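Every value quoted in this text rests on a predicted model; they were computed, and no experiment measured them.
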Amino acid sequence: QVQVVESGGGLVQAGGSLRLSCTASGLTFDDAVMGWFRQAPGQEREGVSCISQSGGNTYYADSVKGRFTISRDNAKNTLFLQMDSLKPDDSGMYYCAAGSSVWPLQLRPASFVYWGQGTQVTVSS
């Protein structure tokens, strides 16, 4: 009954911005570490960012640090990923995931149990 739904993906030129949203239901949202992952065709799924339950702690992969910002609105059970200065290498399917109540949490797929279906991000050069 847990549902995780991403939105906000699309096609954008290099240097542009996108804001992804993720709405979760059927779980105690404010008790879950939340994360964003991405996967390009033929590539392994990689962690992008994660955020602690109250939003007080965040982690970013080196490849996106300084360009992406993760945030959450617990009152609305919603997670966000603001993506600025996008590069072609940022292209891929972006997934929202809910993890455990433990922080810190390794940003790897095995640490997260509930997943959305993904939203496609394509950055053209």
Side-chain angles (χ1 to χ4, degrees):
Q1 292 181 332
V2 173
Q3 290 189 323
V4 180
V5 181
E6 305 96 334
S7 63
L11 176 64
V12 66
Q13 293 196 163
S17 297
L18 285 172
R19 191 191 194 206
L20 306 184
S21 298
C22 167
T23 300
S25 61
L27 75 159
T28 307
F29 184 81
D30 61 4
D31 195 43
V33 175
M34 300 295 296
W36 288 99
F37 292 76
R38 67 187 182 188
Q39 188 169 24
Q43 302 263 44
E44 188 175 278
R45 188 169 299 187
E46 65 172 343
V48 175
S49 182
C50 60
I51 186 168
S52 61
Q53 294 91 321
S54 66
N57 296 96
T58 58
Y59 171 84
Y60 298 93
D62 288 342
S63 59
V64 307
K65 195 171 297 181
R67 299 187 298 118
F68 291 11
T69 304
I70 191 170
S71 61
R72 65 194 295 166
D73 185 345
N74 287 345
K76 297 181 177 180
N77 283 14
T78 303
L79 178 74
F80 303 98
L81 185 68
Q82 177 67 43
M83 305 186 294
D84 297 320
S85 302
L86 283 162
K87 305 174 180 179
D89 285 350
D90 294 319
S91 297
M93 188 71 72
Y94 280 70
Y95 299 92
C96 173
S100 73
S101 61
V102 176
W103 183 271
L105 194 65
Q106 279 196 308
L107 189 55
R108 56 194 295 182
S111 299
F112 295 80
V113 66
Y114 300 116
W115 295 81
Q117 293 298 303
T119 184
Q120 181 67 44
V121 172
T122 304
V123 184
S124 62
S125 60

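The hydrophobic clustering, which links ILVMFWY residues whose side-chain heavy atoms are closer than 4.5 Å, places Trp115 and Leu81 apart. Linking Ile, Leu, Val, Met, Phe, Trp and Tyr whenever their side-chain heavy atoms come within less than 4.5 Å puts Phe68 and Val121 in one cluster. There is a path of hydrophobic side-chain contacts, each under 4.5 Å, that joins Leu107 to Val33. Linking ILVMFWY side-chain heavy atoms closer than 4.5 Å, directly or via other members, places Ile51 and Tyr60 in a single hydrophobic cluster. Note on Val64: it does not cluster hydrophobically with Tyr59, by side-chain heavy-atom contacts below 4.5 Å among ILVMFWY residues.
Under the side chain to side chain donor-acceptor pair (under 3.5 Å) criterion, Lys65 pairs with Asp62, not counting sequence neighbours. The side chain to side chain donor-acceptor pair (under 3.5 Å) test applied to Asp90 returns Arg38, Arg67, not counting sequence neighbours. With sequence neighbours excluded, the residues that form a ring-ring contact (aromatic ring centres under 6.0 Å, His included) with Phe112 are Phe37.
Under a 4.5 Å side-chain heavy-atom criterion applied to ILVMFWY residues, the cluster that includes Leu27 comprises Val2, Val4, Val113, Tyr114 as well.
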Hey, can you pull the donor-acceptor pairs under 3.5 Å for the side chains in residues 5-23, sequence neighbours left out?
residue, atom, partner, partner atom, Å
Glu6, OE1, Gln117, N, 3.2
Glu6, OE1, Gly118, N, 2.9
Glu6, OE2, Cys96, N, 2.7
Glu6, OE2, Gly118, N, 3.3
Ser17, OG, Asp84, OD1, 2.8

Note to self: Set out, in order, the CA-CA distance, both residues' side-chain angles and the distance that settles side-chain contact (heavy atoms from CB on, under 4.5 Å) for Tyr95 and Val48, then state yes or no.
What the structure shows: CA-CA 10 Å; Tyr95 299 92; Val48 175; over 6 Å; no
side-chain contact (heavy atoms from CB on, under 4.5 Å), that's the test. Do Met34 and Cys50 meet it? Break it down for me. CA-CA 6 Å; Met34 300 295 296; Cys50 60; over 6 Å; no
In sequence, state the C-alpha distance, the side-chain angles, and the governing distance for Tyr94 and Gln120, and then conclude on side-chain contact (heavy atoms from CB on, under 4.5 Å).
CA-CA 6 Å; Tyr94 280 70; Gln120 181 67 44; over 6 Å; no
query = When you look at Ile70 and Trp36, which way does the side-chain contact (heavy atoms from CB on, under 4.5 Å) test go after all the steps?
reply = CA-CA 9 Å; Ile70 191 170; Trp36 288 99; 3.6 Å; yes
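Considering every non-hydrogen atom in both Ala32 and Ala98, the closest pair reads CB-CB, 4.5 Å.
Between the side chain of Ser100 and the main chain of Val102, a donor-acceptor pair closer than 3.5 Å is present. Checked by atom type and distance alone, the side chain of Ser52 never pairs as donor or acceptor with a backbone atom of Trp103 at under 3.5 Å.
Applying the side chain to side chain donor-acceptor pair (under 3.5 Å) test to residues at least two apart or on different chains, the pairs with a partner in residues 69-79 are Arg72-Asn74.
Distance CD/Gln106 to OG/Ser111: 6.0 Å, rounded to 0.5 Å.
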